[in-house]
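Remarks on the structure that follows.
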Amino acid sequence: MNLKNFTSQKQLKTDPLAEASNSELPPKAPVLSPAEWLKANLFSNTFNSVLTILSTAAILLIIRGLLSFIFNPLRQWSATATNMRLLMTQAYPEHQYARIWVSLGFLLFLTGVSLAFWRAGRSVLLSQVGKRLLAIGSFIVLVTLLAPFSSEATIIWLIVGVFIAGTGFLLKSSREDKTTSSMTLLSGAFLLAILSLWVIPYGHHSYISTRTPKILAEPGTVAMTTKLPWTIMLVVAICSYFLGSLIRDKIDEAKGKALLSTTWLISPLFLLFLVLRDPDFDTGHLFSTDIPIFLFFSIVGSVILLWLTNPDIGEKGRVISTAILFVGFATFLFQMLMIVRILTLVLAFFALAAPTFSGQKPARIRYTKVWIGTMVILCWLITAINTPSTAKVPGDFFIGGFAITLMIFFFTMVLAFPLGVLLALARTSKFPIFRMVSTTFIEFIRGVPLITILIFFSVMVPLFLPDGMDLTEIAAVTIAFIIFEAAYLAENVRGGLQSVTRGQHEAAEAVGMTNAQKTFFIVLPQALRVAIPPMVGQIIATFKETGLLAIIGIFDFLYIARSVIPGQTEFMGSTRENLLFVSLVYLVICFSMSKASQRVEKRVGLGER
Amino acid sequence: MTDNETTSSIRGERDLANAQDIIVCEGVSKWFGDFQALNNVSATIKEQEVVVVLGPSGSGKSTWIRCINRLEQHQEGRIMVDGVELSNDLRNIEKVRSEVGMVFQMFNLFPHLTVRDNVSLAPIWVRKKPRAEAEEQAASLLERVGIPEQADKFPGQLSGGQQQRVAIARALAMEPKIMLFDEPTSALDPEMIKEVLDVMKELALSGMTMMVVTHEMGFAKEVADKIMFMEGGQIVEIGTPDHFFTNPTEERTKLFLSQIL
Ligand SMILES: Nc1ncnc2c1ncn2[C@@H]1O[C@H](COP(=O)(O)OP(=O)(O)OP(=O)(O)O)[C@@H](O)[C@H]1O
Ligand SMILES: [Mg+2]
């Protein structure tokens, strides 16, 4: 009996995709003229018309109020502009500032390559772009007419507005099939912003409301010190995008993406602790202690793990890995370097997970490589953190401002995520003790306001620490954030875990997977996918919550804006301007994160349908 | 009972009399709370035998077949699979599960993995095969079930019949000695049922030991060596298809047949 022929014929008929491809396009919605649209949507009856008029008036009033606030001659916008460096990096030493630009450049390089690899650009209809420009241009014109500008400023802004609207109008009527890449648009926007740095001396708004508007570029304003670096940054980003598209076609795309993702995870650590912090390594200590410890753990660990990943090892393996775990705990009873304790515990963890990933030679070698990679990163990080920095800054940390907001956010996300997953797994596990510990922890943390936890960690925890162990305030606060976010992420992940059907568990069990394998290969990937939308919400919330740093007196962005700058003699009382600027930054970042997450959701959902 | 005769079906003459017992159930009972789903079930299945389990809804067919790879735990009696007794010992369970393939009514494919990964995942991580070998095997199994060109798709992109064939390939990839099917065609549209049954027939021809819960009487008549009829958690009658469909002994069997035929 020839089964194959038979089924493949049959399958041609039933393949749902084959049918979908030659279906007809849906009919287009009829296009309304502006007047028709207005009538249909805003003035369909008397009541609606009244509402429309009232709300338009209200909106206009609000805009006018806001504008007269922003463009009031009493506003000291130069407070924000002049203090931009303080806001961004606090007192990071000026002669080492190149380090900041190098870090930023590297991140932009990564961004460019990643955008190319993930084909982030999407083609946009030119006519669509035209519509947007028209709207923006009209908005500028409207704002200019409402704002209390001097007549010259009004004319300048009117010209700008009309120019933009005009370009939009021209593009709007371009042909249906003319498109451009969203990447082009994005770099165009950045290019304009950077060009403006060369033209406009930010920090001086002398053309407002004065009879003789003057444009002055004082040395030291943001524009003067940043226009060259920013231009280089843009060039780097664009070049790396093209570089990325070139490489993409040459190498295995999946591997490239994996490499990029790892780089994304690791590079902030390198940038922060090696480039920005510029540790003053003590060569003697390095060769006598750090490197030997690293070598010992990577070699001994590799041998043990190679042996433990042997599929035939059986019960002996379990005994050995449990023994390592006990040794790891026992190290805390004796006087020894913290790094040894940490590495032993990590080794125990790897040993316990070994049976899950055991296999033939390539699989075992891969596992060992992951171990060595982990060792490299951990040893290096711990060493770098323990070495004094060359960037001498007042306070106990080498950087502040927006940079520290970003840094705490990054660490919170990277560490809270795995912790959250572990908590969720523990809460749904079969072992009552795990369930109890995890549930108590989660419920406790969720029942306490974040600010309490932050204060507790920044004030109390350092008092409880045993002798010889100290924790900088930043580290303590980061841990507080991690614990708090992990509890919330755990609940999101738990929701995802519960959404994985019983059939999936059974299918995995029926092919003989162990519990760990089932969790790692089948349940978690599906659960995380479901948990993405709530987790993104949580991530955005976390980013906003970093504002609380200001309350416990860490020199973050908000603290500088609220308390430091208004204290400077020439910018007395400029709190509102600075706070508005800070809100704007938060707004832009949170908004782009939620936009990006929508696209990620769509992509991740692709496999399922 | 016709248990020890040489059977003849589309599979030709086979000497089942001298075959080894591969599944042995002795007095298996199972309760869900107070409700007894299996009541003292005893049966033996020999190597290379194809057994079809019939019975009305709620008679405990699924419960029984799921006890055999311990997706459900029985509370009384003994189940031996290929010489290993199912008990609470985890290692025994994992061993039995990797010898017994299972195909579910709702397919239960892993939606986040491609068809190829669905098939090769367990061989790689449970059987510890090198990836290249496992993927090669996946390709040849997909060929065997007639969908070699779908390897890179995700399950959600396949028709029901195709999905069920992937599920069969996934189970076969573990090179099981026994295959369990729990109503493999009940969730399928009529035109897809045949393509799955064809794969199952081919599997039976190749000498696989199979235990099939199904309502497809045609399949039962044509392929089964033995039919077991269950009702109320008990095995009411065991016999060859000939015996079962033409002159069943038990009243309840007759009633069941008169309702469905
Ligand atoms: N998890 C469970 N909890 C409680 N009762 C259950 C459970 N699973 C099955 N049962 C009960 O056990 C009995 C046997 O169920 P089973 O699913 O084995 O029947 P079946 O013969 O497979 O029926 P069908 O042909 O409808 O699939 C049913 O009465 C059912 O209600
Ligand atoms: Mg059933």
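Letters go in sequence order (proteins before strands), and every chain restarts at 1. Just the heavy atoms: all of them, side chains too, but no hydrogens, waters or symmetry mates, feed the values below.
- The candidate from B:R127, B:R70, B:M102, B:E94 with the greatest count of non-hydrogen atom pairs under 4.5 Å with chain A is B:E94.
- Within the 3.5 Å criterion, the main-chain N or O of A:A510 finds no donor-acceptor partner in the side chain of B:N69.
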Inset, instruction - Could you check A:Q360 against B:K129 for side-chain contact (heavy atoms from CB on, under 4.5 Å), going step by step and ending with a plain yes or no? - result: CA-CA 6 Å; A:Q360 296 304 310; B:K129 275 193 185 171; 5.8 Å; no
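- Between the A:E506 side chain and the B:L71 main chain, no donor and acceptor come within less than 3.5 Å of each other.
- Only the side chain of B:R66 comes within contact range of chain A, with at least one heavy atom under 4.5 Å from a heavy atom of that chain.
- Of the atoms belonging to B:M106, not a single heavy atom falls under 4.5 Å from chain A.
- Heavy-atom distances place no part of B:K95 under 4.5 Å from chain A, backbone and side chain included.
- For A:T356, the part lying near chain B is the backbone, with the side chain staying farther off; criterion is any non-hydrogen pair under 4.5 Å.
- Of the possible polar contacts, one joining the A:Q504 side chain to the B:L109 backbone as a donor-acceptor pair under 3.5 Å is found.
- Contact of B:V100 with chain A is made through the backbone alone, with heavy-atom distances under 4.5 Å.
- Side-chain atoms of B:L121 and A:I522, non-hydrogen and from C-beta on, do get closer than 4.5 Å to each other.
- Using a 4.5 Å cut-off between heavy atoms, A:Q517 contacts chain B through its side chain alone, with no backbone atom that close.
- Scanning both residues, A:G512 and B:R97, for their nearest heavy atoms gives CA-CB, 3.8 Å.
- Heavy atoms from other residues, nucleotides or ligands lying under 6.0 Å from CD of B:Q75 number more than 12.
- Residue B:K128 qualifies as enclosed at atom NZ: its count of foreign heavy atoms under 6.0 Å is above 12.
- The parts of B:F110 that come within reach of chain A are both its backbone and its side chain, each placing non-hydrogen atoms under 4.5 angstrom from that chain.
- We find that A:R502 and B:E72 are joined by a salt bridge, their nearest charged nitrogen and carboxylate oxygen being less than 4.0 Å apart.
- Closest of all the heavy-atom pairs between A:V511 and B:M174 is O-CE, 3.3 Å.
- Around atom CZ of B:F32, more than 12 heavy atoms belonging to other residues, nucleotides or ligands sit under 6.0 Å away.
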